[in-house]
Every structure is written in structure tokens, then in C-alpha cells.
Amino acid sequence: MLRHLAFFLANFFALPTAGSAHLQHMHLEISHLTRYEYDRDVSLQSHLMYLRPRDTPLLQVSRFAIDCAPAAQLRWMRDDFDNICATAEFSSLARTLEIRAFSSVITSDSPPFDFQVRDYARMFPFVYEPLHQFNLTIYLQGPDAATQNALRSWLDRRFPARPSETVAWLFALNQAIHFGLTYQRRDEAGIQSALTTLSLGSGSCRDYAALLVECARTLGVAARFVSGYLFDAALSPNGLGDMHAWVEVFVPGAGWRGLDPTRGLFCDNTYIPVAHAVVAESVNPIQGSYSSPASTGVELSVEVRIRRR
């Protein structure tokens, strides 16, 4: 990890000043199919869907559509974190439910460290100024005392040499989690607790992200969970992709900055955020239920394809 940190520090201070970078644009098309197959007809209840990418200064959604089979009435809203989500209401019985989402986005990229940090927060640790402290309260609330103690103990072993400069400190924290765990794909629903992830020494991207959120908050940094898509042409040359999870931390002067502990990187324009929240489970891509007079089996399949135009 120290080798990676040394490389980062050498390149970080050689970057251009904020505002001097020429933005690079990338046009991506995302196709996301979720299919539920039941072993008998069921009555579908309301389904809440977080599938539309978030518009940001560096990401423009040029087209988005959802198609449900059986047909559903869609109602759109902004939730309490200003994410755009849809509620689907179904009126017919079904043995199969398919939800297809198509997104066309244009992303703009600048160097991941092309930002400025307020003077008071350049060195770590720092304390947020009063207004930020108030606005970020929910993102600063750490886990229970036992979990915090376990996180601090783990970090003392995995993150002993801590840089004094804030951005380098964040990079090193991200790397500590990246190198301290073994990636394990998990297809079952739910997110491991931070203690479970530490105990197993492994987890999926959403488990890595949930752990980084808890670590950051324990150490006094405002953090939130992010769900979205990741485009990596090298890893998925045939266009097959997946949903991904990462973290955003609030840096005074720079705002919310993305960190991906699964890959040990600061986020760039290959990351397409869909929704963020304090609690990871609240932004699961599709949330819904069904009713049936008898016990019913269900099989779930998901296919995500991302291609660059």
C-alpha cells in the first residue's frame, strides 16, 4: 500500500490547478433488465425503483425509459435525498415480472484530484465549520460504540501510517480497505454489517462501500453510500456490466468526492451514480413485494449491458 501511496503523492502535487483541465466527454448507453419468475400467479404490490442516473454538472442524462411487463402505472418523485425514483403500480396477476431500464448519458471527466480544499481542512484531522457540521449531521453519525472500537482496532493494524494532508489521507484510507479485504461476489440480497465484513475479511462492492462509510464517520468524515453503474471496457469487452456501489465523502471546498474502495480509486467519469443515501439498504435498485394465497417460489435474474457510443 505504501508504494501506491508514494505514487499518488508524487502525481497529486503535479496536477494542474482547479479549472485548468480540458473536459473529456464520453457517451454511454446502459441497458438494465431485471426478471422475476414465480411458480404461480401472484399479485404484485407497489415497486419502488432507483434506476435513473442522477444528473450532475459532469453527467447529463439525454434519454431514460422504463418498461414493465405486466404493464404498470409509473409515478415519479424526488426522495428525501433528492434522488429521482419511480413507483410502479400493477393491476393484473402475473407469473413473470420484467423491468427494463434504458439510459443514455454523457459524462464529462476532469482529473480526479482537480479541486481545491478549504484552508482549514487541508490537514487531517479537521473539524467541519458550524454550518457544514449542521448540514452534514446525518452523514457524520457513526455506528454503535462496539462497532467503532472494532473499526478503530482494525484500522490501527491496516492503516498505521496516516498522511497528514487530507486528500492523501482519504486516498490512504480507501487503499487500506481495498488491500485489507478480499473481493467476493455475493448474489444474495442485503448488505453485510461492518463487523461481519471485518470478521470474514471479504465482501462485495456494496459491503466494501458500507464499511468505508462506517470507517469515515467513525474518524469524523461525512460519508454517504452511492449506488450506480461502472463502465470498464477492459473488464467487460462484450458490454456485460453490473450495478456497482461506492462512497462519497464531503471535503470542504471540494464538496462530495467519490471513493471506490473495491478498486482503491477516486471516482472518475466511468462511474454513473443513480442514488445516494445515509443507509445503503434504502437505495436498493428495485424494492417491492408480492402476495399469494400459497407459498410461492421466485427466481431472480439481472442483466446489465453498458456500451460506449
Side-chain angles (χ1 to χ4, degrees), residues 1-12 15 109 111-113 115 124-125 139 142-143 147-148 150-186 191-236 241-251 254 256-273 276 280:
M1 187 180 79
L2 293 177
R3 182 175 70 255
H4 290 268
L5 180 58
F7 175 82
F8 160 75
L9 292 173
N11 287 275
F12 172 69
L15 289 173
D109 194 28
F113 306 109
F115 56 80
F124 195 85
Y139 301 107
T147 300
Q148 289 197 42
L151 293 177
R152 291 181 187 277
S153 177
W154 187 85
L155 288 170
D156 285 343
R157 299 191 303 273
R158 297 287 184 174
F159 187 31
R162 305 184 184 185
S164 57
E165 196 277 331
T166 295
V167 178
W169 183 92
L170 289 169
F171 179 86
L173 173 62
N174 196 40
Q175 292 264 300
I177 293 177
H178 171 69
F179 287 107
L181 300 175
T182 299
Y183 178 78
Q184 181 68 51
R185 182 183 176 91
R186 293 195 306 110
I191 296 175
Q192 293 175 173
S193 69
L195 293 181
T196 298
T197 300
L198 293 186
S199 175
L200 295 174
S202 65
S204 66
C205 63
R206 59 189 187 274
D207 303 320
Y208 276 63
L211 176 60
L212 177 54
V213 166
E214 298 284 46
C215 287
R217 293 176 184 171
T218 294
L219 299 175
V221 177
R224 63 190 186 187
F225 181 93
V226 184
S227 173
Y229 300 99
L230 171 64
F231 171 69
D232 191 327
L235 293 179
S236 302
D242 206 348
M243 292 210 75
H244 193 56
W246 60 95
V247 176
E248 288 180 346
V249 296
F250 189 85
V251 181
W256 291 105
R257 311 302 302 189
L259 294 170
D260 181 2
T262 305
R263 305 172 81 206
L265 304 172
F266 272 71
C267 297
D268 58 16
N269 71 329
T270 63
Y271 291 79
I272 302 97
H276 60 242

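The minimum heavy-atom distance between Ala172 and Pro163, with the atom names listed, is CB-CD, 3.8 Å. In terms of heavy-atom proximity, Val213 sits nearest to Phe225 at CG2-N, 4.0 Å. For Cys205 against Tyr183, the heavy-atom pair with the smallest separation is N-CE1, 3.5 Å. Among all heavy-atom pairs drawn from Trp246 and Cys267, the shortest one is CD1-SG, 3.5 Å. Asp260 approaches Thr262 most closely through the heavy-atom pair OD1-N, 3.0 Å. When all heavy atoms are compared, the tightest approach of Gly142 to Arg217 is CA-CB, 4.0 Å.
No side-chain heavy atom of Pro261 sits less than 4.5 Å from a side-chain heavy atom of Leu211. In this structure, Arg224 and Trp256 have side chains that are in contact, with non-hydrogen atoms separated by less than 4.5 Å. Contact of the Pro143 side chain with the Leu195 side chain is not registered, since no non-hydrogen atoms from C-beta on lie closer than 4.5 Å. Within the 4.5 Å cutoff, side-chain heavy atoms of Asn174 are placed close to those of Leu212. At least one side-chain heavy atom of Phe266 sits under 4.5 Å from a side-chain heavy atom of Val167.
Separation of atoms CG (Leu200) and CG (Leu181) is listed at 10.0 Å; rounding is to 0.5 Å. Atom CZ of Arg206 is separated from atom OG1 of Thr197 by 10.0 Å, given to the nearest 0.5 angstrom. Put simply, CG on Asp156 and CZ on Arg162 are 5.5 Å apart, with the number rounded to the nearest 0.5 Å. Between Thr147 atom OG1 and Trp154 atom CH2 the span is 14.5 Å, to the nearest 0.5 Å. Atom-to-atom distance recorded for Tyr208:OH and Thr182:OG1 is 6.0 Å, nearest 0.5 angstrom. With values rounded to the nearest 0.5 angstrom, Asp242 atom CG is found 4.5 Å from Arg185 atom CZ.
Formation of a donor-acceptor pair under 3.5 Å by the Gln192 side chain with backbone atoms of Ser202 is found in this model.
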Apply side chain to side chain contact (heavy atoms under 4.5 Å, CB included) to the pair Tyr229 and His244, showing each step before the final yes or no. CA-CA 5 Å; Tyr229 300 99; His244 193 56; over 6 Å; no
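Residues satisfying the side chain to side chain contact (heavy atoms under 4.5 Å, CB included) test with Arg152, not counting sequence neighbours, are Gln148, Thr218, Leu219.
At a cut-off of 3.5 Å, with distance as the only test, a side-chain donor of Ser204 or Asp207 sits close to an acceptor on the other residue.
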